[in-house]
Amino acid sequence: MIKVDTKELDKFCVTLATISADSEKKIRNVIKNSAMTIEKNAKSNLTSNKSVKTGHLRRGIATDIGNMEATIHTSNIKYAPMVEKGTKAHIIRAKNKKALYWKGAKHPVKQVNHPGSKAKPYLIPAFEKETPYFLKKLEEAIEW
């Protein structure tokens, strides 16, 4: 999850309440284009990551464009935050069966001590890369 400080947002909203229809259209285009760029870069970040096995996470990245907002998300892929931020060492236990087994295992086991996973950020770097361009394009689109 990306957190944004919105303390000064009310001042920005008051200023934008008086914009022209032409400026509003330009702002919508800036939001849409930046959101699509973030999505493209996030997918590219996953493509360049050599540990990607199936591409399921990459295919799950999507963008929803609203009136004056956009959301880039990973659908309902539960492990997406774990790829982005990594995981600590943890124990994996059997849930639906009495034991765990996988191809190549010597025998079933009740639990596995997982060493944790290194973070492989893909979405936040895409957001950070686009932010300065977004702000510049937004400033150009708003008629002060």
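Count residues from 1 along the sequence.
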- Hey, could you give me the OG/NZ distance between Ser117 and Lys85, rounded to the nearest 0.5 Å? 14.5 Å
- Query: Can you check whether Phe134 reaches Ile31 side chain to side chain, under 4.5 Å on heavy atoms?
  - Reply: yes
- Does some side-chain heavy atom of Ile142 sit less than 4.5 Å from a side-chain heavy atom of Ser23? no
- Query: Crowded around Asp64 CG? As in, over 12 foreign heavy atoms under 6.0 Å?
  - Reply: yes
- Query: Hey, quick one: are Ile124 and Met36 part of the same hydrophobic cluster, counting side-chain heavy atoms closer than 4.5 Å, chains of contacts allowed?
  - Reply: no
- Item | Closest non-hydrogen atom pair, Ser75 against Gly60 | OG-O, 2.9 Å
- Item | Side chains of His73 and Ile61 in contact at under 4.5 Å (non-hydrogen atoms) | no
- Message: Please enumerate all residues that pass side chain to side chain contact (heavy atoms under 4.5 Å, CB included) together with Leu135, with sequence neighbours excluded.
- Response: Thr131
- Would you call Pro125 and Glu84 a side-chain contact if the rule is heavy atoms closer than 4.5 Å? yes
- For the residue pair Leu100 and Ala94, what are the closest heavy atoms and their distance? CD2-CA, 3.8 Å
- Step by step, would you call Asn33 with Tyr133 a side-chain contact (heavy atoms from CB on, under 4.5 Å)? CA-CA 11 Å; Asn33 291 339; Tyr133 301 108; over 6 Å; no
- Is the closest side-chain heavy-atom distance between His114 and Ile91 below 4.5 Å? no
- Query: Out of curiosity, Lys43 NZ to Ile38 CD1, how far, rounded to the nearest 0.5 Å?
  - Reply: 13.5 Å
- Note on the structure: Heavy-atom nearest pair, Ile27 first then Met68, reads CG2-CE, 3.6 Å
- Connected via hydrophobic side-chain network under 4.5 Å: Tyr101 and Val112: no
- Query: What pairs meet the salt bridge (charged side-chain N to carboxylate O under 4.0 Å, His left out) rule with one or both residues in residues 126-136, with sequence neighbours excluded?
  - Reply: Glu130-Lys137, Lys136-Glu140
- Message: Restricting to side chain to side chain contact (heavy atoms under 4.5 Å, CB included), what partner residues turn up for Ala35, sequence neighbours left out?
- Response: Thr63, Ile65, Ala70, Ile72
- Query: Got a sec, which pairs hit salt bridge (charged side-chain N to carboxylate O under 4.0 Å, His left out) with one end in residues 99-112, sequence neighbours left out?
  - Reply: none
- Query: Roughly how far, to the nearest 0.5 Å, is CG of Leu46 from CG of Asn41?
  - Reply: 11.5 Å
- Non-neighbouring partners of His56 that pass side chain to side chain contact (heavy atoms under 4.5 Å, CB included), sequence neighbours left out: Thr54, Arg59, Ile77, Tyr79
- Query: Any idea which heavy atoms bring Ala126 and Asn45 closest together, and the distance?
  - Reply: N-ND2, 3.9 Å
- Considering all heavy atoms, the nearest Ala141-Lys26 contact: CB-CB, 3.8 Å
- With side chains defined as the heavy atoms from C-beta onward, is the minimum distance between Thr74 and Tyr122 less than 4.5 Å? yes
- Query: For Ser44, what residues pass the side chain to side chain contact (heavy atoms under 4.5 Å, CB included) criterion, not counting sequence neighbours?
  - Reply: none
- Task: Treating Ile, Leu, Val, Met, Phe, Trp and Tyr as nodes and any side-chain heavy-atom pair under 4.5 angstrom as an edge, say whether Leu123 and Met82 lie in one connected cluster.
- Result: yes
